[in-house]
Amino acid sequence: MADLTSFREIIELWGTSHGSRIAMAADLPGATSTQVTKWWQRDSIPAEWWQSLLATDRAASSGVTAGLLTELAAREVEVVEARA
């Protein structure tokens, strides 16, 4: 199980190339590789995709949980609030 500390690292469970973005999108019904690439660039996965993400074998075998996703999202809020 990997020590995942960012949404970007979760996305990189599928690999680090453009092809890996296509692979992740294929595992998430309705997602496109362009969307996944934007998530990687923003280091964020929108909450509406979490359920589909958690249903993938890759996420489950890597220890991705709803709690982890929530923790990462809370960190994003803290960063934004600290900038304000």
Side-chain angles (χ1 to χ4, degrees):
M1 186 174 355
D3 183 26
L4 301 168
T5 60
S6 69
F7 285 108
R8 189 171 283 150
E9 288 178 356
I10 292 171
I11 294 166
E12 289 175 351
L13 292 172
W14 278 260
T16 57
S17 68
H18 175 70
S20 65
R21 308 297 185 259
I22 294 169
M24 183 179 187
D27 281 350
L28 303 175
T32 67
S33 61
T34 301
Q35 285 174 303
V36 174
T37 297
K38 288 180 182 179
W39 300 344
W40 185 88
Q41 291 168 344
R42 295 178 184 138
D43 194 13
S44 179
I45 299 172
E48 60 265 24
W49 292 98
W50 292 3
Q51 185 175 359
S52 293
L53 172 67
L54 292 170
T56 67
D57 290 336
R58 191 168 313 233
S61 67
S62 299
V64 178
T65 64
L68 173 62
L69 296 173
T70 302
E71 181 182 322
L72 295 175
R75 288 184 196 170
E76 288 182 358
V77 171
E78 288 174 5
V79 170
V80 170
E81 288 176 351
R83 291 181 190 159

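Of the possible polar contacts, one joining the Arg21 side chain to the Gly15 backbone as a donor-acceptor pair under 3.5 Å is found. With hydrogens and angles disregarded, a donor-acceptor distance shorter than 3.5 Å links the side chain of Ser61 to the backbone of Arg58.
Taking CD1 of Ile45 as the start and CZ of Phe7 as the end, the distance is 6.0 Å to the nearest 0.5 Å. Taking CZ of Arg8 as the start and CD of Gln41 as the end, the distance is 8.5 Å to the nearest 0.5 Å. Note: Asp43 CG to Ile11 CD1 = 7.0 Å, rounded to the nearest 0.5 Å. Atoms CG and CG, on Asp3 and Leu68 in that order, are 9.0 Å from each other to the nearest 0.5 Å.
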Open item on the list: With side-chain contact (heavy atoms from CB on, under 4.5 Å) as the criterion, how do Leu53 and Met24 come out once you've worked through the C-alpha distance, each side chain's angles and the decisive distance to 0.1 Å?
Closed with: CA-CA 9 Å; Leu53 172 67; Met24 183 179 187; 3.7 Å; yes
- [ ] Any chance you could lay out the side-chain contact (heavy atoms from CB on, under 4.5 Å) test for Leu69 and Ile10, step after step, and finish with the verdict?
- [x] CA-CA 9 Å; Leu69 296 173; Ile10 292 171; 3.7 Å; yes
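Thr32 meets the side-chain contact (heavy atoms from CB on, under 4.5 Å) test with Thr34, Gln35; sequence neighbours excluded. Considering only residues two or more places apart in sequence or on other chains, Trp40 meets the ring pair (Phe, Tyr, Trp, His ring centres under 6.0 Å) condition with none of them. Residues passing the side-chain hydrogen bond (donor to acceptor under 3.5 Å, both in side chains) test with Trp14 are Asp27, sequence neighbours excluded. Trp49 is linked by a ring pair (Phe, Tyr, Trp, His ring centres under 6.0 Å) to Trp39, counting only residues two or more places apart in sequence or in another chain. Partners of Thr16 by side-chain hydrogen bond (donor to acceptor under 3.5 Å, both in side chains), not counting sequence neighbours: none found.
In this structure, Glu48 places its CD atom where more than 12 heavy-atom neighbours from other residues, nucleotides or ligands lie under 6.0 Å away.
Residue pairs meeting the ring-ring contact (aromatic ring centres under 6.0 Å, His included) criterion with at least one member in residues 16-35, sequence neighbours excluded, do not occur.
Taking a cutoff of 4.0 Å between a charged side-chain nitrogen and a carboxylate oxygen, Arg75 and Glu71 qualify as a salt bridge.
Residues Ser62 and Leu4 approach most closely at O-CD1, 3.9 Å, considering heavy atoms.
Residues Val64 and Leu28 share a hydrophobic cluster, clusters being chains of Ile/Leu/Val/Met/Phe/Trp/Tyr side chains in contact below 4.5 Å.
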